[in-house]
Protein chains: 2
Amino acid sequence: MKLVGKELSPGQQVALEWNEPSRCCLVVEGLLRRYSNLSNGTVQTLSIHVPGDIPDLQGLHLRTMDHTLASIGGSKVALLAHREILDVLRKSPRLVALFWRESLVDAAVARAWVKVLGGHDALGRFAHLACELYVRMRVMGLVSDNSYPLPITQVHLGETIGASVVHVNRILKKLRDDRLLVHKRGRLVILNWDRLSEVADFDPAYLNLREPLYLDLTPAGG
Amino acid sequence: MKLVGKELSPGQQVALEWNEPSRCCLVVEGLLRRYSNLSNGTVQTLSIHVPGDIPDLQGLHLRTMDHTLASIGGSKVALLAHREILDVLRKSPRLVALFWRESLVDAAVARAWVKVLGGHDALGRFAHLACELYVRMRVMGLVSDNSYPLPITQVHLGETIGASVVHVNRILKKLRDDRLLVHKRGRLVILNWDRLSEVADFDPAYLNLREPLYLDLTPAGG
DNA sequence: CGAAAAGTTGACGACTTTCAAGTCAGGTGG
DNA sequence: CCACCTGACTTGAAAGTCGTCAACTTTTCG
């Protein structure tokens, strides 16, 4: 299959809401996010994607994008034409099942966010985000010293957990003061995983990581 | 394929969080909901399902349930063994694509809820729920006189939009006073669709209803 | 009819937003 | 090297949304 590599600058958009994409985007390096604009002028992040994800896989079967896909810091992606993916899938039912499963995990993550946004206050929301990203980054071997790269502004964090910048700032301060985590210089450091995951009511089961890839693929685990 | 029909009483559970289901559930009549329990003792509804939905389709590829599936009022469902579904799917790539697409629409609906819960206040959340269910029920020919059956308590509504019962009650009162909608005797009546969908910032695009089934299947449209 | 469930309302306090006024860090030009 | 500038981060105060507690009314159903 032909791969088109591409480097993305911070904020650069890969696919636009309302558009009809003709290719998928595999995250190779960095972070991407899905977001959508509300009528009141604000932005809501729908999900954050780590290397290994294919955030616009749904484009294979759904014509129009219901959100925009864009890079958070700088990132690298690989673009795959729908046509070529479909050619491969026609020949491999096994791969279809694998991709379908990826869609299902993506949906499970979205459901987890519905649960978090509906059931937790802003502190719990942020804690959950930190926990989820920690686990997902760790699977990809991107965690070191209990920390992982998270080059995102407080404005974007607010758009993700549904809180104002001011409130995000206060939450970060509280988590810092309580020695649960620190977000500094584009990196998130977990200081106390047990208490953090307790505050977040976090259970990684929904990520469906029964087969820990990182054990096979990465030289050094989390 | 062998179908097992089943009648469900209000609140009856079809599949439990943490369980490993061996069959799927097709909604035939009534409403079902997915929900999950939070550590603080509260419940969060993840989605509401109308006739035609297969809320636990993900069980085909994900081993453990990340939520409970249960009936809202009384309902009828058809149970399909995974094994039999998979047998059929092996013979029909077309059906695989169709089911996969259903999963993707399910994910799109979940994303829409992330957007709503993250970006709107309780009033907008409820308005959005009312709009979404209106459209989905209409597609199935279940809307008449701008109203549809919604036999759900205010407690459950609160668990759905992430608000307390008291606040749900006040929102309903406001929507009633403003003549946007009325919820009474297990039925939701839309009084002013234009203003309601405006309050809800509702756009049905994410439901991916490009081919309006109801035109072909139902004797009388909405 | 009577009990239980569901709905309704007021008062008070907690969580969160908005507005405003800063501080801090990194990058540019003198 | 330092003044300056800009975007990001911080913080206080006032106001709005929402949750909790408690009491009460209405509806449902045996």
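Residue numbers start from 1 in every chain, and the chains themselves are labelled A, B, ... in the order their sequence lines are given, proteins ahead of strands.
Looking at B/S103 and B/Q58, their side chains never come closer than 4.5 Å, going by heavy atoms from C-beta outward.
Environment of CG in B/D145: sparse, with no more than 12 heavy atoms of neighbouring residues, nucleotides or ligands closer than 6.0 Å. The 12-atom threshold is not exceeded at CZ of A/R179, counting heavy atoms of other residues, nucleotides or ligands nearer than 6.0 Å.
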>> Walk me through whether B/R111 and A/D106 qualify under salt bridge (Lys or Arg N to Asp or Glu O under 4.0 Å).
In response: CA-CA 10 Å; B/R111 279 196 298 276; A/D106 183 46; 3.8 Å; yes
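In this structure, CG on B/L46 lies 11.5 Å from CH2 on B/W113, to the nearest 0.5 angstrom.
When only modelled atom types and interatomic distance are considered, A/S144 and A/R187 share a side-chain donor-acceptor pair under 3.5 Å. Judged purely by distance below 3.5 Å, without hydrogens or angles, the side chains of A/H67 and A/R34 pair a donor atom with an acceptor atom. Side-chain atoms of A/E17 and A/Y35 form no donor-acceptor pair, as typed in the model, at a separation below 3.5 Å.
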> Nucleotide by nucleotide, 5' to 3', does protein get under 4.0 Å of the base (B), only the sugar-phosphate (S), or neither (-) in nucleotides 11-27 of chain D, counting heavy atoms?
Replying inline: BBB----SBBB------
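Between A/D53 and A/R136 a salt bridge is recorded (basic side-chain N to carboxylate O distance below 4.0 Å). Remark: A/R125 does not engage A/D121 in a salt bridge, criterion side-chain N to carboxylate O under 4.0 Å.
One axis for each end of the helix from C/dC1-D/dG30 to C/dG30-D/dC1, each built from five base pairs, and the angle between them comes to 40° at 10° resolution.
At a non-hydrogen distance threshold of 4.0 Å, B/T153, B/Q154 from residues 147-160 of chain B come into contact with DNA chain C.
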